[in-house]
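The structure appears below as structure tokens.
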Amino acid sequence: MTTHAPQAAQAVTLPTTLDEAVAALSAMPTAVPVAGGTDLMAAVNSGQLRPAGLVGLGRISEIRGWQYQDGHALLGAGLTHARMGRPDFAALIPALAAAARAAGPPHIRNAGTLGGNIASASPTGDALPVLAALEATLIIAGPGGARREMPVSHLLAGMEMLRAGELIGYVRVPLLHAPQVFLKATGRTGPGRATASVALVLDPARRGVRCAVGAIAPMPLRPLEAEQWVARLIDWDNNRTIVPEALHAFGEYVAAACIPDPAPEVDGSVPQLPPAVLHLRRTVAALARRALGRALS
């Protein structure tokens, strides 16, 4: 950290195509790609990052929209939160639109992008639990026009990483045509910043429930056993009904899976969770319960 103003970047490149941006990064390995800059500029202004060069992505029109492809939506990494929050996009992927509308004040939503949210991988990134619940995949652009796919969960978990000269070009999201919900709780950690969030989507074709919990860990958490358990309790043939007791139990199941009890001590006693952690677990339980209730209503 420093109180001195950061030095200006040595070079700024403004490509107009995705392949030009990849070529610029390959030619200048120490450069940093920038789209909205909501996270990058905060790091630069605080002195945590001093890039030798910048590759601006704002002029690449091909990644600022979306298209339909084989039952999926192919979303450009340059889509802003403000654009994803509009009604036409909300009709396509409701949970992602809700997350985009909750991403902070207007200046953040107007500048911040979907690809930037993924690449920065901040635990409080609102889009991340939605993409995890939707089981989205990334289309990565590489040198020489190469393209490869990677589950978004692999990147967030560090199982796979971007290679030198690669950029996130698109995000492929399955269109489930079913209810989706995104909810989050905020505290005193900044404007609109989540202390906990829950994304929940129904998959009627597979009679499944997908849930992801964000902000409480370095990456979104999927309570798979809780998903499978509650899916068996839903009457999929009768307006997707479920008994109220199952809703409450689902919330507790999700919270306990994501914030488990401490391991027993040597003497067999089980220590209590700290009050702050216990409060967080109750928050997750409430969010999960409400999310499922809204999706089934």
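Sequence positions, counted from 1, serve as the residue numbers for this chain. The structure presented is a predicted model; accordingly, all values stated were derived computationally and were not measured.
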Check your understanding: How about Gln67: does its CD atom have over 12 heavy atoms from other parts shown lying under 6.0 Å from it?
Key -> yes

Review point. Under 4.5 Å between any side-chain heavy atoms of Leu18 and Ile63, yes or no?
Key: yes

Check your understanding: Can you find a pair of side-chain heavy atoms, one from Leu292 and one from Val181, that are under 4.5 Å apart?
Key -> no

Practice item. Kindly compute the distance separating CD (Glu252) from CG (Leu247), expressed to the nearest 0.5 Å. Key: 12.0 Å

Review point. So how far is it from Leu54 CG to Thr13 OG1, rounded to the nearest 0.5 Å?
Key: 8.5 Å

Practice item. Verify, without hydrogens or angle tests, whether Asn110 (side chain) and Pro106 (backbone) share a donor-acceptor contact under 3.5 angstrom. Key: yes

Exercise for review: Answer whether the closest heavy-atom distance between the side chains of Ser197 and Phe182 falls below 4.5 Å.
Suggested key: yes

Exercise for review: Before giving the answer on salt bridge (charged side-chain N to carboxylate O under 4.0 Å, His left out), spell out for Arg240 and Asp235 the whole-Å C-alpha distance, their side-chain angles and the decisive distance to 0.1 Å.
Suggested key: CA-CA 5 Å; Arg240 298 194 286 261; Asp235 189 346; over 6 Å; no

Point to revise | Considering all heavy atoms, the nearest Ala185-Thr283 contact | key: CB-CG2, 3.7 Å

Review point. Mind checking whether Val32 and Val55 have side chains closer than 4.5 Å, heavy atoms only?
Key: no

Check your understanding: Is there a chain of hydrophobic side chains (I, L, V, M, F, W, Y, each step under 4.5 Å between heavy atoms) that links Val254 to Leu233?
Key -> yes

Point to revise | Exceeds 12 heavy-atom contacts within 6.0 angstrom, atom CZ of Arg148 | key: yes

Point to revise | SB check Asp126 Arg101 (cutoff 4.0 Å) | key: no

Review point. Is the closest basic N to carboxylate O distance between Arg222 and Glu227 below 4.0 Å?
Key: yes

Exercise for review: Determine yes or no for a side-chain-to-main-chain donor-acceptor pair under 3.5 angstrom, with Glu166 supplying the side chain and Arg163 the backbone.
Suggested key: yes

Review point. Is any side-chain heavy atom of Leu156 closer than 4.5 Å to a side-chain heavy atom of Pro220?
Key: yes

Check your understanding: Are any of the side-chain heavy atoms of Thr137 and Val152 separated by less than 4.5 Å?
Key -> no

Review point. Counting distance only, does the side-chain N/O of Glu20 pair as donor-acceptor with the main-chain N or O of Pro15 below 3.5 Å?
Key: no

Review point. Can you get from Leu221 to Met159 by hopping between Ile, Leu, Val, Met, Phe, Trp and Tyr side chains that sit under 4.5 Å apart?
Key: no

Check your understanding: Between Phe89 and Trp66, does a ring-ring contact (aromatic ring centres under 6.0 Å, His included) hold up when you go through it step by step?
Key -> CA-CA 9 Å; Phe89 190 92; Trp66 71 83; 5.1 Å; yes

Revision key, fill the gap. Separation between NZ (Lys184) and CG (Leu287), nearest 0.5 Å, reads 11.5 Å

Practice item. May I ask you to decide if Ile259's main-chain N or O and Arg281's side chain share a donor-acceptor pair within less than 3.5 Å? Key: yes

Study note, to complete from the structure: Heavy atoms of Thr195 and Ile216 approach each other most closely as O-CG2, 3.7 Å

Review point. Counting only N and O atoms by type, is there a donor-acceptor contact under 3.5 Å from the side chain of Asp267 to the main-chain atoms of Ser269?
Key: yes

**Study point:** Neighbour count >12 (heavy atoms, 6.0 Å) for atom CZ, Arg294
**Key:** no

Exercise for review: Could you tell me whether the side chains of Thr124 and Arg193 share a donor-acceptor contact shorter than 3.5 Å?
Suggested key: yes

Check your understanding: Which pair of non-hydrogen atoms, one from Pro271 and one from Pro262, has the smallest distance, and what is that distance?
Key -> O-CG, 3.4 Å

**Study point:** Nearest non-hydrogen partners of Ala295 and Leu200, listed with the distance
**Key:** CB-CD2, 3.7 Å

Practice item. Decide yes or no for Thr30 and Pro51: does some side-chain heavy atom of the first lie under 4.5 Å from some side-chain heavy atom of the second? Key: no

Review point. Would one find more than 12 heavy atoms of other residues, nucleotides or ligands at under 6.0 Å from atom CD of Glu225?
Key: no

Point to revise | Enclosure of His154 NE2 (heavy-atom neighbours >12, cutoff 6.0 Å) | key: yes

**Study point:** Ser120 and Ser122 side chains, donor-acceptor separation under 3.5 Å
**Key:** no

Point to revise | Ala199 versus Ala133, closest heavy-atom pair with distance | key: O-CB, 4.0 Å

Practice item. Please determine if Arg172 and Asp70 form a salt bridge, counting it only when a charged side-chain N lies under 4.0 Å from a carboxylate O. Key: no

**Study point:** Leu134 side, atom CG; His72 side, atom NE2 - distance, nearest 0.5 Å
**Key:** 10.0 Å

Review point. Is the side chain of Arg147 donor-acceptor paired with the backbone N or O of Ala141 at a distance under 3.5 Å, no angle test?
Key: no

Revision key, fill the gap. So NE2 of His81 and CE of Met84: to nearest 0.5 Å the spacing works out to 5.5 Å

**Study point:** Check: Val209 main-chain N/O paired with Asp203 side-chain donor or acceptor under 3.5 Å
**Key:** no

Study note, to complete from the structure: So CD1 of Ile242 and CD1 of Ile234: to nearest 0.5 Å the spacing works out to 5.0 Å

Practice item. Consider only side-chain N and O atoms of Thr17 and Asp19, and report whether a donor and an acceptor are under 3.5 Å apart. Key: no

Practice item. Kindly work out whether a path of hydrophobic side-chain contacts (I/L/V/M/F/W/Y, heavy atoms less than 4.5 Å apart) joins Val230 to Leu176. Key: no

Review point. Do Leu114 and Leu131 have side chains that get closer than 4.5 Å, going by heavy atoms?
Key: yes

**Study point:** Chi angles and distances behind the side-chain contact (heavy atoms from CB on, under 4.5 Å) call for Leu175, Leu92
**Key:** CA-CA 7 Å; Leu175 297 176; Leu92 189 71; 3.7 Å; yes

Check your understanding: Closest approach of Ala249 and Trp229, non-hydrogen atoms and distance?
Key -> CB-CH2, 3.5 Å

